[in-house]
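Fair warning: this is a prediction, and the values are worked out from it, not measured in the lab.
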Amino acid sequence: MIAAAAVLVALVLDGLIYILIDRAQAPDPATASVIRSDSHVLDDGGTDAVTIVEFLDFECEACGAYYPVVEELRDKYAGRITYAVRYFPLPGHFNSTHAAVAAEAAAQQGRFEDMYHRLFETQAEWGEAQESRAALFRDYAAQLGLDLAAYDAAVADPATQDRVSSDFEEGRALGISSTPTFFVDGKPLTIERWDDLETAIEAALRD
C-alpha cells in the first residue's frame, strides 16, 4: 500500500511539473498516432493481442516505480499482449532527454530493451542530477558491449534527437502531460490505483 501511494504521488507531481513548465500549443491531434511503425515494441503478441503503449520518461520516479509492475505484467500476459514504449522526456528532468537519446542510440544497434532495463534499474544513481549524465550512459553502453564508435556517432547525430523529439511532440498532440501515460488498444488509461493497468488488460482481453 505504501508503494502504491508513492507511485500515485509521483504521478501527480510529475504531471504538475510538466503542466507548470510547458503550456505551449500542442501539435494538431489529427496528425497523431498512439503507435508508429518505428515504435519500440518489447513484446509482440500478434494480431489478436491487446496493445499497450507506454509514453515514458526514464528519469521519472513514477515510471521507475511502475517499471517492475510493467515487467510483471509483461511476463504474466506474454503472448497475449503487444507492449510498446515511446519517449516523453519531461522538461523538468535534466537528464531525461540524455537518457532517451542513449536508449535510441542503443536501439540503432538492436539493443533498445537492454538499455531500457539498465536505465530504469540504475535510475537512483543518476535521477534528479542537475548536470549531464551522458558520460554515465556511455558507460552503460560499454557495459552492454555496444560498439562505442557507433554509439557515439548516434548520440551526436541530430536525427537521434529528432527521433526522441518526434515521440514527445506526438505525445503532446495526444494530450499527454505526465508520465507514465498508458494507452490500451488505443484508449488512454488514467492510473488511479496500483492495479489499474492490469484491470484494463483483463477487460480488453475479455472484449
For [X], check side chain to side chain contact (heavy atoms under 4.5 Å, CB included) against everything at least two apart and list the hits.
X: Asp44; result: Val41, Thr82
X: Glu72; result: none
X: Gln108; result: Glu104, Ala154, Thr160
X: Arg133; result: Asn95, Trp126, Ala129, Glu131, Leu136, Phe137

Pairs in or reaching into residues 198-207: which pass side-chain hydrogen bond (donor to acceptor under 3.5 Å, both in side chains), with residues at least two apart or in two chains?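 Passing the test, one end in residues 198-207: Lys76-Glu198, Tyr77-Glu198, Tyr77-Glu202.
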Would Ile52 end up clustered with Ile191 when hydrophobic side chains under 4.5 Å apart are linked, directly or stepwise?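 Yes, same cluster.
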Do Leu73 and Leu205 sit in the same hydrophobic cluster, where Ile, Leu, Val, Met, Phe, Trp and Tyr count as joined when their side-chain heavy atoms come under 4.5 Å apart?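 Yes: a chain of side-chain contacts under 4.5 Å links Leu73 to Leu205.
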Taking the side chain as C-beta and beyond, is there a heavy-atom pair between [X] and [Y] under 4.5 Å?
X: Asp38; Y: Arg163; result: yes
X: Tyr140; Y: Asp114; result: no
X: Phe168; Y: Phe55; result: no
X: Tyr116; Y: Leu42; result: yes
X: His93; Y: Cys60; result: yes
X: Pro188; Y: Thr181; result: no
X: Ile81; Y: Ile201; result: yes
X: Val53; Y: Phe182; result: no

What's the shortest heavy-atom distance between [X] and [Y], and which atoms?
X: Asp57; Y: Ser96; value: OD1-CB, 3.0 Å
X: Val34; Y: Gly186; value: CG2-O, 4.0 Å
X: Ala49; Y: Asp185; value: O-OD1, 4.3 Å
X: Ser178; Y: Leu90; value: CA-CD2, 4.4 Å
X: Leu146; Y: Arg111; value: CD2-CG, 3.3 Å
X: Thr179; Y: Ala62; value: O-CB, 3.9 Å

Test salt bridge (Lys or Arg N to Asp or Glu O under 4.0 Å) applied to Glu128 - qualifying residues, sequence neighbours left out: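 With neighbours one apart ignored, the set is empty.
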For Glu121, give me all partners under salt bridge (Lys or Arg N to Asp or Glu O under 4.0 Å), at least two apart in sequence or on another chain.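 Here no residue qualifies.
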Over 60° means perpendicular and under 30° means parallel, so classify the ring planes of Tyr66 and Trp194, tilted if in between.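 Because their plane-to-plane angle lies in the 30° to 60° range, the rings of Trp194 and Tyr66 count as tilted.
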Can you list everything that forms a ring-ring contact (aromatic ring centres under 6.0 Å, His included) with Tyr87? Sequence neighbours excluded, please.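 ring-ring contact (aromatic ring centres under 6.0 Å, His included) check on Tyr87 returns His40.
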Check step by step if side chain to side chain contact (heavy atoms under 4.5 Å, CB included) holds for Gln123 and Tyr67. CA-CA 11 Å; Gln123 187 190 73; Tyr67 164 71; over 6 Å; no
Any luck finding a side-chain donor-acceptor pair between Tyr83 and Glu54 under 3.5 Å?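 A pair is found: one side chain offers a donor N or O, the other an acceptor, under 3.5 Å apart.
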Rounded to the nearest 0.5 Å, what separates atom [atom1] in [X] from atom [atom2] in [Y]?
X: Leu174; Y: Glu169; atom1: CG; atom2: CD; value: 11.5 Å
X: Arg118; Y: Asp139; atom1: CZ; atom2: CG; value: 10.5 Å
X: Phe120; Y: Glu59; atom1: CZ; atom2: CD; value: 11.0 Å

Please check if the side chain of Ser33 supplies one atom and the backbone of Ile35 the other of a donor-acceptor pair under 3.5 Å.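 Looks like no, no N/O pair under 3.5 Å.
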Name all residues meeting the side chain to side chain donor-acceptor pair (under 3.5 Å) criterion together with Asp195; count only those two or more places apart in sequence or in a different chain, and write none if there are none.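 Once residues adjacent in sequence are excluded, Asp195 has no partner under the side chain to side chain donor-acceptor pair (under 3.5 Å) criterion.
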Quick one: list whatever passes side chain to side chain donor-acceptor pair (under 3.5 Å) with Ser165, sequence neighbours left out.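 Expected list: Gln161.
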Sequence neighbours excluded - salt bridge (Lys or Arg N to Asp or Glu O under 4.0 Å) pairs with any residue from residues 77-96: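 Listed by first then second residue: Arg86-Asp167, Arg86-Glu170.
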Return each pair, listed once, that meets salt bridge (Lys or Arg N to Asp or Glu O under 4.0 Å) where at least one residue sits in residues 141-157; pairs must be two or more places apart or across chains.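 Every pair satisfying salt bridge (Lys or Arg N to Asp or Glu O under 4.0 Å) with a residue in residues 141-157: Arg138-Asp152.
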Carefully, step by step, assess Val184 and Thr51 under the rule side chain to side chain contact (heavy atoms under 4.5 Å, CB included). CA-CA 6 Å; Val184 179; Thr51 298; over 6 Å; no
Centres of the Phe88 and Phe58 rings: under 6.0 Å?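 For Phe88 and Phe58, the ring centres are not under 6.0 Å apart.
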